[in-house]
Amino acid sequence: AGKVIRTTNAGVTWSLANTGLTGNDFYSVSAIDANTCVVGAGDGGLWRTTNGGTSWTFITLSPAAIFINVVHFFNSTVGFVQGDPVGSWRYYITTDAGATWVSPPNTPVAIGIDAGWNNSYMALDTGHIWWGTNNSKILKGSLRGPYTSAPTPGQPNSFGVAFNDINNGVACFQTGANRISVDGGTSWTAGACTPAGTPFALKS
């Protein structure tokens, strides 16, 4: 509904910080500090504030994105944005706190119906990034690539991905099933996370 909310006291209170953002739907957010924040929209838009949400600037991405799934910052300057594919995945990196973004040469090519899920990702550090898809696979790579994919047979919609370290991770799926990886996402197998949940409803 075009709203961004902000807390500066560890979540005790929240306030609106969405001046000028009416008409957008936001699905991902990453705050660098009390003033600087970037949000990603369902229409592929990217918005940035440097004054705590008093005003926002639209960021032009090239090539254009169609849906922003992930906005993530590793530190005060370096971050990435991941969006649904148009031929190739829409993937961008920044080294200036989100003021400008570039699509690196190692952006992965999409196959068939490939798409991501909002906030289905894990970024331990710039060398270890994973994200879920709707197409029976999970991608892994580093900030500037390259990226590879590992199959998750019978489980197309990986709604969540998490790693404890560079080797051990878990993914959850729309069916309620889970899969684990002990090799950094190179392979996924039926896991020991129990009990498996009930199927989730797909969201638009």
Side-chain angles (χ1 to χ4, degrees), residues 1-7 11 14 16-50 52-53 56-86 88-104 107-108 110 114-126 128-135 138-143 147 157-163 171-172 174 200-204:
K3 292 180 173 64
V4 176
I5 57 174
R6 172 178 180 258
T7 182
W14 295 80
L16 285 172
N18 60 303
T19 306
L21 295 178
T22 303
N24 298 281
D25 285 327
F26 298 116
Y27 294 88
S28 52
V29 58
S30 187
I32 297 173
D33 53 38
N35 294 309
T36 306
C37 180
V38 178
V39 294
D43 63 357
L46 197 67
W47 297 81
R48 178 176 182 258
T49 182
T50 57
W56 294 81
T57 300
F58 180 77
I59 304 295
T60 301
L61 296 172
S62 180
I66 59 170
F67 189 104
I68 302 298
N69 294 304
V70 176
V71 180
H72 180 88
F73 278 88
F74 296 96
N75 52 43
S76 62
T77 57
V78 178
F80 73 94
V81 161
Q82 179 253 312
D84 282 345
V86 182
S88 62
W89 285 87
R90 290 304 189 238
Y91 179 75
Y92 317 85
I93 61 175
T94 182
T95 56
D96 58 8
T100 59
W101 299 80
V102 297
S103 182
T107 297
D114 277 3
W117 290 109
N118 38 304
N119 300 303
S120 175
Y121 83 102
M122 181 72 186
L124 279 178
D125 52 47
T126 57
H128 301 90
I129 302 169
W130 301 262
W131 72 71
T133 77
N134 68 333
N135 201 12
I138 292 172
L139 277 75
K140 60 171 286 191
S142 61
L143 182 65
Y147 277 82
N157 297 311
S158 42
F159 280 3
V161 182
F163 274 78
C172 61
Q174 185 243 335
F200 296 97
L202 287 170
K203 295 192 296 184
S204 61

Checklist line | Any donor-acceptor pair under 3.5 Å from T126 side chain to L143 backbone | finding: no

Item checked: Separation between OG1 of T94 and CZ of R48, rounded to the nearest 0.5 Å -> 7.5 Å

Next item on the list: Please examine the side chains of Y91 and I129, heavy atoms only from C-beta on, and report whether any two atoms are closer than 4.5 Å.
Entry: yes

Item checked: Any V86 side-chain heavy atom under 4.5 Å of P63 side chain -> no

Notebook entry, point to check: Checking W14 side chain against R6 main chain: does a donor-acceptor pair fall under 3.5 Å?
Noted result: no

Check: Any side-chain heavy atom of N18 sitting closer than 4.5 Å to one from F26?
Finding: no

Notebook entry, point to check: Measuring from S142:OG to L124:CG, what's the distance to the nearest 0.5 Å?
Noted result: 13.0 Å

Notebook entry, point to check: Are side-chain heavy atoms of V81 and V70 found at a separation under 4.5 Å?
Noted result: no

Check: Do S28 and N119 have side chains that get closer than 4.5 Å, going by heavy atoms?
Finding: yes

Check: Can you tell if the side chain of I32 reaches within under 4.5 Å of the side chain of S76, non-hydrogen atoms only?
Finding: yes

Margin query: When you measure from the side chain of S120 to the backbone of S158, do you find a donor-acceptor pair of N or O atoms at a distance under 3.5 Å?
Written below: yes

Next item on the list: Verify whether the ring centers belonging to W89 and Y147 lie closer than 6.0 Å.
Entry: no

Note to self: Is there a side-chain contact between V71 and V39 in this structure, where contact means two heavy atoms from C-beta onward sitting under 4.5 Å apart?
What the structure shows: no

Next item on the list: Write down the atom of P85, the atom of A110, and the distance for their closest heavy-atom approach.
Entry: CB-CB, 3.3 Å

Next item on the list: Kindly assign one of parallel, tilted or perpendicular to the pair W130 and F163, based on the angle between their ring planes and the thresholds 30° and 60°.
Entry: parallel

Margin query: Between W56 and V4, is the side chain to side chain contact (heavy atoms under 4.5 Å, CB included) condition met? List the steps.
Written below: CA-CA 11 Å; W56 294 81; V4 176; 4.0 Å; yes

Notebook entry, point to check: Rounded to the nearest 0.5 Å, how far does CG of D33 lie from OG1 of T50?
Noted result: 9.5 Å

Check: Which atoms form the tightest heavy-atom contact between A65 and L61, and what is the distance?
Finding: CB-CD1, 4.2 Å

Notebook entry, point to check: What's the shortest heavy-atom distance between C37 and V29, and which atoms?
Noted result: SG-CG2, 3.5 Å

Note to self: Could you measure the distance from the CD1 atom of I68 to the CG atom of N118? Nearest 0.5 Å is fine.
What the structure shows: 11.5 Å

Margin query: Given 3.5 Å as the limit, does a donor-acceptor pair link the side chain of N157 with the main chain of F159, or not?
Written below: no

Margin query: Looking only at the aromatic ring of each residue, does the gap between the centers of W131 and F80 stay below 6.0 angstrom?
Written below: no

Check: In Å, rounded to the nearest 0.5 Å, how long is the span from NE2 of H72 to CD1 of I93?
Finding: 13.5 Å

Next item on the list: Could you label the plane-to-plane angle of the F67 and Y27 rings as parallel, tilted or perpendicular, counting under 30° as parallel and over 60° as perpendicular?
Entry: tilted

Notebook entry, point to check: Taking atom CG of D96 and atom OG1 of T77, what is their separation to the nearest 0.5 Å?
Noted result: 8.5 Å

Checklist line | Check: I66 main-chain N/O paired with D84 side-chain donor or acceptor under 3.5 Å | finding: no

Checklist line | D43 side chain near D25 side chain, heavy-atom distance below 4.5 Å | finding: no

